[in-house]
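Below is one structure, written out as structure tokens; the observations come after it.
Order of the sequence lines fixes the chain letters, A, B, ..., with proteins taken first and strands second; residue numbering starts at 1 for each chain.
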2 protein chains.
Amino acid sequence: MMQDSCQVTVINEQRIAQARAQMPDEAVLVEVAETFKLLGDPTRMKILQALAVTELCVCDLAALLEMTSSAISHQLRLLRARGIVRFRKAGKIVYYTLDDSHVQTLVEVSLCHETEC
Amino acid sequence: MMQDSCQVTVINEQRIAQARAQMPDEAVLVEVAETFKLLGDPTRMKILQALAVTELCVCDLAALLEMTSSAISHQLRLLRARGIVRFRKAGKIVYYTLDDSHVQTLVEVSLCHETEC
DNA sequence: TAAACATATGAGCATTCATTCAAGTGAAGG
DNA sequence: CCTTCACTTGAATGAATGCTCATATGTTTA
């Protein structure tokens with residue numbers, strides 16, 4: 001059995017070196033990927049789209065997306081942990097808003113591209 | 001046991017209607033999420049970063065990322081299916097390049113934000 | 001205080017997914 | 001031809017993930 005990772009047979013040493021030199025840190029790439037992963041789920045994408053329009057509480061989001069508030073709450077927890085959404089409490093109701101204009105920009109750009117606007 | 005989906009207890013009917021009216025089609029949101037999901041993996045993110053620098057063959061990418069070419073090939077297949085990368089054959093070697101400036105923009109914006117450039 | 005309610009959260013479960021392993025394809029060279 | 005090599009691909013596996021269900025928390029109201 002042979003080692004299938006091209007450790008010996010490098011085809012374009014020059015280009016590899018060039019790419020390696022310009023590659024951002026591993027940690028940075030992992031962080032960026034982590035953010036994209038959060039945007040890579042339909043439920044979370046819908047939540048972000050809705051919050052881009054207006055502030056909403058968990059129950060509103062659940063009604064809008066026709067899902068349980070538990071499911072919504074779980075997803076909001078992930079978005080919160082990344083600082084993508086922010087919340088404010090009004091009694092027992094918790095209102096969520098977007099808290100990362102950078103992410104909002106990404107979504108807008110993508111949406112614009114998808115709908116060819 | 002009660003129905004936990006807020007179908008009855010709507011808090012802000014007005015806002016829900018407003019959000020619903022401005023929400024893009026379900027299908028569009030799913031598509032956008034699907035693209036983000038592809039960007040949401042460290043391996044694929046590294047591949048895209050490398051290809052943003054220069055054209056590389058599978059073996060080069062494997063060497064650069066220190067992974068098997070099988071693993072790389074599997075990921076390239078997904079990126080190809082979305083039209084994010086393109087390939088050209090040179091004998092038995094297959095060279096890959098980026099094929100979606102929109103995605104490239106997304107990654108650049110994110111990277112720029114992450115590194116506070 | 002007790003009940004109702006909005007939300008949060010932990011465990012469980014079914015599904016998805018990234019990688020590995022083994023086998024297959026097609027091109028280049030002996 | 002036959003072998004080698006770059007790449008692809010299908011199956012298998014272990015890890016990650018999204019949702020449900022049950023329960024907990026904290027707030028409002030009867």
Side-chain angles (χ1 to χ4, degrees), chain A residues 1-12 15-16 29-30 33-34 36-47 55-82 85-96, chain B residues 1-12 15-16 30 33-34 36-48 55-82 85-96:
Chain A
M1 188 40 46
M2 80 150 267
Q3 174 55 296
D4 187 24
S5 66
C6 277
Q7 285 163 341
V8 180
T9 318
V10 170
I11 308 281
N12 300 291
R15 290 186 185 176
I16 295 177
L29 287 179
V30 169
E34 202 64 39
F36 278 124
K37 185 184 289 181
L38 278 186
L39 304 181
D41 173 77
T43 299
R44 288 191 293 266
M45 183 56 66
K46 290 174 199 167
I47 290 175
E55 179 185 59
L56 291 167
C57 68
V58 178
C59 208
D60 289 340
L61 284 166
L64 179 60
L65 306 194
E66 292 175 338
M67 295 178 64
T68 64
S69 35
S70 176
I72 300 292
S73 190
H74 275 298
Q75 298 301 348
L76 285 171
R77 185 174 166 280
L78 299 176
L79 294 171
R80 239 163 41 211
R82 274 258 141 192
V85 300
R86 179 183 48 212
F87 67 93
R88 113 184 130 78
K89 295 188 177 177
K92 56 185 172 184
I93 300 180
V94 180
Y95 285 98
Y96 281 85
Chain B
M1 187 42 45
M2 92 154 253
Q3 175 55 293
D4 188 22
S5 66
C6 278
Q7 286 163 340
V8 181
T9 317
V10 171
I11 307 282
N12 300 291
R15 290 186 184 174
I16 295 177
V30 169
E34 203 63 40
F36 278 124
K37 185 184 287 181
L38 278 187
L39 304 180
D41 173 78
T43 298
R44 287 190 294 265
M45 183 55 66
K46 289 174 199 166
I47 290 176
L48 294 178
E55 180 186 58
L56 291 167
C57 68
V58 178
C59 208
D60 289 340
L61 284 166
L64 179 61
L65 305 195
E66 292 175 335
M67 295 178 64
T68 64
S69 35
S70 175
I72 300 292
S73 189
H74 275 297
Q75 299 301 347
L76 284 171
R77 184 173 166 280
L78 299 176
L79 294 171
R80 241 166 37 213
R82 274 259 140 194
V85 301
R86 177 183 48 209
F87 67 94
R88 114 185 129 78
K89 294 189 178 178
K92 55 186 173 183
I93 299 179
V94 181
Y95 285 98
Y96 281 85

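Residues B:Thr43 and A:Arg80 each lie close to DNA chain C; by heavy-atom proximity, the contact nearer the 5' end of the strand is made by A:Arg80. Residues A:Leu78 and B:Arg77 each lie close to DNA chain D; by heavy-atom proximity, the contact nearer the 5' end of the strand is made by B:Arg77. With the nearest nucleotide of DNA chain D identified for both A:Lys92 and A:Ala71, A:Ala71 has the one nearer the 5' end.
In this structure, the CD1 atom of A:Ile11 is 17 Å from the P atom of D:dT4, given to the nearest Å. Between A:Leu65 atom CG and D:dC19 atom P the separation is 10 Å, expressed in whole Å. Counting to the nearest Å, the C1' atom of D:dT17 and the CZ atom of A:Arg82 are 16 Å from each other. Regarding A:Ile47, its CD1 atom lies at a distance of 14 Å from the C1' atom of C:dT7, rounded to whole Å. For A:Ile93 and D:dT28, the CD1 to P distance is 10 Å, given to the nearest whole Å. Residue A:Leu61 contributes atom CG, which lies 13 Å from atom C1' of C:dA6 at whole-angstrom precision. Atom NZ in B:Lys46 sits roughly 12 Å away from atom C1' in C:dA18 (whole-Å rounding). Regarding B:Met67, its CE atom lies at a distance of 17 Å from the C1' atom of D:dA6, rounded to whole Å.
The shortest distance between the side-chain N/O atoms of B:Thr68 and the OP1/OP2 oxygens of C:dT20 is below 4.0 Å. Between A:Gln75 and D:dC19 there is a side-chain polar atom (N or O) within less than 4.0 angstrom of OP1 or OP2. Contact check, A:Ser69 against C:dA6: no side-chain N or O comes under 4.0 Å of OP1 or OP2. Look at A:Ser70 and you won't find any side-chain N or O under 4.0 angstrom from OP1 or OP2 of D:dC21. For the OP1/OP2 pair of C:dA8 and a distance below 4.0 Å, the side-chain nitrogens and oxygens of A:Tyr96 include at least one atom meeting the criterion.
A distance of 11.0 Å separates CZ of A:Arg15 from CG of B:Leu61, quoted to the nearest 0.5 Å. The NZ atom of A:Lys89 sits 14.0 Å away from the SG atom of A:Cys57 when rounded to the nearest 0.5 Å. We find the CG-CD1 distance between A:Leu65 and B:Ile16 to be 9.5 Å, quoted to the nearest 0.5 Å.
By the side chain to side chain donor-acceptor pair (under 3.5 Å) test, A:Asn12 pairs with B:Asp60, B:Tyr95, sequence neighbours left out. Residues forming a side-chain contact (heavy atoms from CB on, under 4.5 Å) with A:Lys92 (at least two apart in sequence, or on another chain): none.
The two residues B:Ala33 and A:Pro42 make their nearest non-hydrogen contact at CB-N, 3.8 Å. Of all heavy-atom pairs spanning A:Ala62 and A:Thr68, the tightest one is CB-C, 4.1 Å.
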What protein N or O atoms touch nucleotides 15-17 of chain C N or O atoms at under 3.5 angstrom, if any, and at what distances?
unit_1: C:dC17; atom_1: OP1; unit_2: B:Lys37; atom_2: NZ; d: 3.3

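Between B:Leu64 and B:Ile47, every side-chain heavy-atom pair lies at or beyond the 4.5 Å cut-off. The shortest distance between side-chain heavy atoms of A:Leu39 and A:Met45 falls below 4.5 Å.
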Going by atom type alone, with no hydrogens or angles, which donor-acceptor pairs under 3.5 Å involve a side-chain atom of residues 73-80 of chain A and a protein atom two or more places apart or on another chain?
unit_1: A:Gln75; atom_1: OE1; unit_2: A:Arg44; atom_2: NH1; d: 2.7
unit_1: A:Arg80; atom_1: NH1; unit_2: A:Tyr96; atom_2: OH; d: 2.8

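Residue side chain A:His74 does not reach the base of D:dT17 through any donor-acceptor N/O pair under 3.5 Å, judged by distance alone.
Nucleic acid contact class of B:Tyr95 (heavy atoms, under 4.0 Å, all strands): none.
Each end of the helix from C:dT1-D:dA30 to C:dG30-D:dC1 gets its own axis, taken as the rotation carrying the C1' atoms of four end pairs onto the next four within a five-pair window, and the two axes meet at 10° to the nearest 10 degrees.
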